[in-house]
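Let me begin by presenting the structure, written as structure tokens, before commenting on it.
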Number of protein chains: 2
Amino acid sequence: MNRIESFRKICKEQGIKVTPQRTAIFDALEDSRDHPTAEIIFQAIRKRFPTISLDTVYRTLMTFVKIGIAHVVETQGNTKRFDANMEIHHHAHCLKCGKILDFYSADYDNLEVPQEIRNQFTVMDKKVVIHGVCKKCSQKQKDL
Amino acid sequence: MNRIESFRKICKEQGIKVTPQRTAIFDALEDSRDHPTAEIIFQAIRKRFPTISLDTVYRTLMTFVKIGIAHVVETQGNTKRFDANMEIHHHAHCLKCGKILDFYSADYDNLEVPQEIRNQFTVMDKKVVIHGVCKKCSQKQKDL
DNA sequence: TTCTTATATAGGAATCATTCTTATTTGTCA
DNA sequence: TGACAAATAAGAATGATTCCTATATAAGAA
Ligand SMILES: [Mn+2]
Ligand SMILES: [Mn+2]
Ligand SMILES: [Zn+2]
Ligand SMILES: [Zn+2]
């Protein structure tokens, strides 16, 4: 079963329609491993889909989050960024250029949520976020 | 040395002026343990400081981040939230009401950043973010 | 204390991100 | 092949943040 077939299946299961827009947005999101914004997805799709509206992109991405095939990434910024990588993983953010890198760590995954929190929250997700400056940006700083 | 004296000292060290606006904003941020937005700080200060501008609040909060006396909180949302709690700690977010709870965990703090990331990033900060639904919001759901 | 000047602020306009409204179109299923 | 609920396009509206610039002021020098 290829990507598109599996997407159709998920839509069926969730009772939402398989539209060309949704398919294109899903495709674009899966293709990019770099946590794109709605605007970036919009621009990417526009080439082959000149009448698509930015609103549809936002709406669709949030639909994907609701049905569990995408995540909104935690950021300090004012722009939502989306992630189609649904494996358990963690993020390293560059505070200069905004790049977000995925990484995997069994140690991190196995951390227990403290009892104190489990008493007060129904936990759905747990993620480690690392802030720093990437190599490229450090280099740029030195060059000045 | 009280809060205001220590704030004056930090400003001196960082070479920025001690203005009544900055003092009031710092005070308001320290008073709130609930990760307020710039708008909330603005409204709180406005009472005693009727001419303060929202722009000053934003600018000042970002100055505090730059000189290391505040953090921008990681969120999925489109509004910046600020944190004057500079101790090492972690966050639990309620996805329904947006509440952000601090928590402390030596286990979390002691996690090593993977070599893979240290090779590519100068790490400045590491934080665990837990997503879930708080008690109050779960209750509300049931009541419907 | 007074003067000087680099910084900071107020206020409003501008910009960017996101959501809403409504008329139209289109998957889906009988 | 319809019927109809759901989805989309387009543009307006809203919300968050930043920019512009004239004015005010903190802080060090005299
Ligand atoms: Mn990711
Ligand atoms: Mn906190
Ligand atoms: Zn970078
Ligand atoms: Zn809640």
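Source: prediction; values computed, not measured. Each chain gets a letter, A, B and so on, in the order the sequences are listed, and its residues count up from 1.
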Determine whether more than 12 heavy atoms belonging to other residues, nucleotides or ligands lie under 6.0 Å from atom CD1 of A/Ile67. yes
State yes or no: are the ring centers of A/Tyr108 and A/Phe103 separated by less than 6.0 Å? yes
List the protein contact pattern of nucleotides 17-30 of chain D with one symbol per nucleotide (5' to 3'): B for base contact, S for sugar-phosphate-only contact, - for none; contact means a heavy-atom distance under 4.0 Å. BBBB----BBS---
In chain order, what residues pass the side-chain contact (heavy atoms from CB on, under 4.5 Å) check against B/Glu112, with sequence neighbours excluded? B/Arg118
Parallel, tilted or perpendicular, as decided by the 30° and 60° cut-offs, for the rings of B/Phe26 and B/Phe64: perpendicular
Keeping to residues at least two apart or across chains, list the side chain to side chain donor-acceptor pair (under 3.5 Å) pairs with something in residues 13-24 of chain B. B/Lys9-B/Glu13
Side-chain ion pair, B/Glu30 and B/Arg3, N-O less than 4.0 Å: yes
The side chain to side chain donor-acceptor pair (under 3.5 Å) partner of A/His35 among A/His91, A/His93, A/Lys99 is A/His91
Sequence neighbours excluded, the answer for side-chain contact (heavy atoms from CB on, under 4.5 Å) partners of B/Asn110 is B/Ala106
Is a donor on one side and an acceptor on the other found under 3.5 Å between the side chain of A/Ser32 and the backbone of A/Leu29? yes
Step by step, would you call A/His71 with A/Asn85 a side-chain hydrogen bond (donor to acceptor under 3.5 Å, both in side chains)? CA-CA 8 Å; A/His71 278 128; A/Asn85 180 357; over 6 Å; no
Measure the angle between the two terminal helix axes of the helix from C/dT1-D/dA30 to C/dA30-D/dT1, five base pairs each, and quote it to 10°. 40°
Min and max contacting nt of DNA chain C in 5' to 3' order, chain B heavy atoms within under 4.0 angstrom, are C/dA6 to C/dT18
Write down the distance between CD (A/Gln76) and P (D/dA16), rounded to a whole number of angstrom. 18 Å
